[in-house]
Amino acid sequence: MSGLEFLLAGTLAAALPLLLAALGEMVVEKAGLLNLGLEGMMAIGAAIAFICVYHTGSHFVGFLGAAAVSTLTALLFAALVIGVQANQVASGLAIGVLGLGLSALFGKSYESLTIQGLPKLGLLGLSEIPLIGPTLLTQDIVVWVSIGMTFGLWWVLNRTKLGLVITAVGENPEAARAIGYPVSLIRLYAVAFGGAMCGIAGAYASTVYTPLWADGMIAGRGWIALALVVFGTWQTGRVAFGALLFGILSLGELTAQAMGIGLPSQVLSSLPYFVTILMLVVISRRKLRSA
Amino acid sequence: MSQPALLRLDKVSKRYGSVQANRQIDLSVRAGSIHAVLGENGAGKSTLMKLIYGVEQPDAGRICWKGQEVHLARPSDAQSLGIGMVFQHFSLFETLSVVQNVSLMIPGRPVELARKIQDLGDQFGLSVDPHAMVHRLSVGERQRVEIIRCLLLNPKLLILDEPTSVLPPQSARRLFETLRKLQAEGMAILFISHKLDEIRELCDTASVLRGGEVTGRVDPREHDARSLAQLMIGREMPNVAHAAPRPPGQERLRLNGLSHPRASRFGTTLKGIDLKLHSGEIIGIAGISGNGQQELAALVSGETRAQDPGMIEIMGKKAGHLGPMARRRLGFSFVPEERLGRGAVPEMSLADNSLLTAHGRNMLSRGFIRRKVERAFTRDCIEAFDVRTPGPDAEAGAMSGGNLQKFILGREIMLQPDVMLVSQPTWGVDIGAATAIRRRLLDMRDQGCAILVISEEMDELFEMCSKLHVLNHGTLSAALEAAQTTPQEIGRYMIGAQS
């Protein structure tokens, strides 16, 4: 398999955990909150999903369990921030650490076990197309569903009243309350949605993308997703584009290592993180200039 | 009038902690009536409206709607009865368009809503472009959007909270015409205000609130402003003596073609502002907030640096490149518009807040704070400026607006500045404190200080200033002699009809 084919086949799958977590967080931030616990919520989702799939053999159960447990974790964040008005940054970080710790605890006895991934599905005979057919257009079911969901989310946020309400609640909560919207409740739903998305993202990472559980396997993807929201300026399309870009980058790193490019592997593995920082700098500079 | 009142409040009380915000309030509003609720800041007007609109619930008493007792647990309960409210600080979403803002409250397709907005606009003189983004609208237009949004719910009762406090006189006039048309349609209007002339012109009934209680129920058309004021503040209106203007002295502050690009897309670009301020004079800058007032204050105070040092001269020295501390060393002092956050740190004691600008007055010794000096200074300030507080250790954030403003102004005056910039000196301050503040500023002028006042309150500017400028869309008008101009002329400048 050539480097290009490798990239085409793997980019979407590599981007998927980032995409889902970032879209979830985007909704949370649009509603006016900031949950920094993505990394932990993804980790606990990943651990739970692996455990469920290992015991039941059903990926559906795995994804469902991951979403449920990550949502619960997110609701703990909501209870702190919306319920008792705790500091968001501190609460988010605490939730993140808690999630990482719990994932390690639950996953301990499942390390080095293996499970089946998901079969790849071609898209309605389009897999006959040369080059992209067997690579880009042959993906597992989660990828196809997630792409549909990304469009769905765009539609909800930009074309429906629900999207308008979420934006309004985030922009001016006092005004939203004054005209009769239940601000706390809407934010609670947003946080729950963000948690569920992180859970699914983690589940994909541990049961489909690399079907195994290892402590620390999320490896900073939660933080990259957080940066992607800012990079994408809270717009669905741009966030998705950013996730793809990082998917390519993380695969490119593997390709480069495989091709034996003369850089230490540590430098290559740090590339996505380095680019994250670079992008945040570029964005804030652009903001300063337009100011 | 035999028909039952549309809205009736029966011995309604509300308490926040140790403050009795409303005590045994009786109020009754008829359909087709414009009913004024008159009172100073802190008299309990806002609390009362929150009770009527279901934002808060009363501790005791009954609220009746068309003779039936109702419980309003949330604003939507009030809305479904037919109560609409236009807030003092608008509850609009700036990044959304007019139609989007309306559709957050009113069901319907955007196309239909846009048409309804236009129809209502034509019918009641509330014209506004349905597809405009709210952050581009003027204050008057935003208010029209709020009113339209309320009217689309077909209310029987419309509550307006200090609607004219943000409007230039011409827009206020237009608003009154709209309200009279609504009245003619049989709508009841609760008009909250502390501006006596407006109430006398517009309203047929007035309930006067003082200290959370109703102190009078009158027909405002039969009373003059003076007797209404007496009902409102419970004593004679204090008079501010107009000192004779003196010949201006030495030039102390000069703006030379001060221009500055806006800092964000909600900001205002300042364009070629020229101004000369001499010792012993007060110059006023009129205009509606949001036309560059904040930007101008930040540039003159040094919070924002000017693009060229020569654009700002303080005491004859180029100062555009200097920071706030350096400008203060030149003899400049500044009372900002936001008391909490800019004028004072809410979480800190008054004594520590004194230190912030008065540290140069012997309060520091080799980098350590001399608490005794700090406290003595604060005590002097509290005493000299009649700040009602337990003492120098009181937290700034816990004080009422008027008291805190007296403290901040006192602190700055005690620095004996040669030039002062005072931004919105009496915003949210009750009449008594406002009068005291104005008198202090006039005293400072008589001692030779040069004072620049930025204010939305036209009466205040006419009372204190010898010259007025108007700031509109970032452009400053030429100087107008206060004695030779009129509020109407200033109003024309404020809305850009004259420049």
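Chain identifiers are assigned alphabetically (A, B, ...) following the order of the sequence lines, protein sequences preceding nucleic acid strands; residue numbering begins at 1 within each chain. These numbers come from a predicted model, not from an experiment.
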Are more than 12 heavy atoms, taken from residues, nucleotides or ligands other than [X], located less than 6.0 Å from that residue's [atom1] atom?
X: His321(B); atom1: NE2; value: yes
X: Lys271(B); atom1: NZ; value: yes
X: Trp155(A); atom1: CH2; value: no
X: Arg305(B); atom1: CZ; value: yes
X: Phe274(A); atom1: CZ; value: no

Less than 4.5 Å apart, any side-chain heavy atom of Ser103(B) and any of Leu164(A)?
-> yes
Side chain proximity check, Tyr181(A) to Leu104(B), heavy atoms < 4.5 angstrom | yes
Side chain, backbone, both or neither of Gln79(B) within contact of chain A (heavy atoms, under 4.5 Å) | side chain
Minimum-distance pair of heavy atoms, taken over all atoms of Phe93(B) and Ala168(A) | CE2-O, 3.2 Å
How close do Arg177(A) and Pro75(B) get, heavy atom to heavy atom, and via which atoms?
-> O-CG, 4.0 Å
For the pair Glu171(A) (side chain) and Glu94(B) (backbone), establish whether a donor and an acceptor sit closer than 3.5 Å, ignoring hydrogens and angles.
-> yes
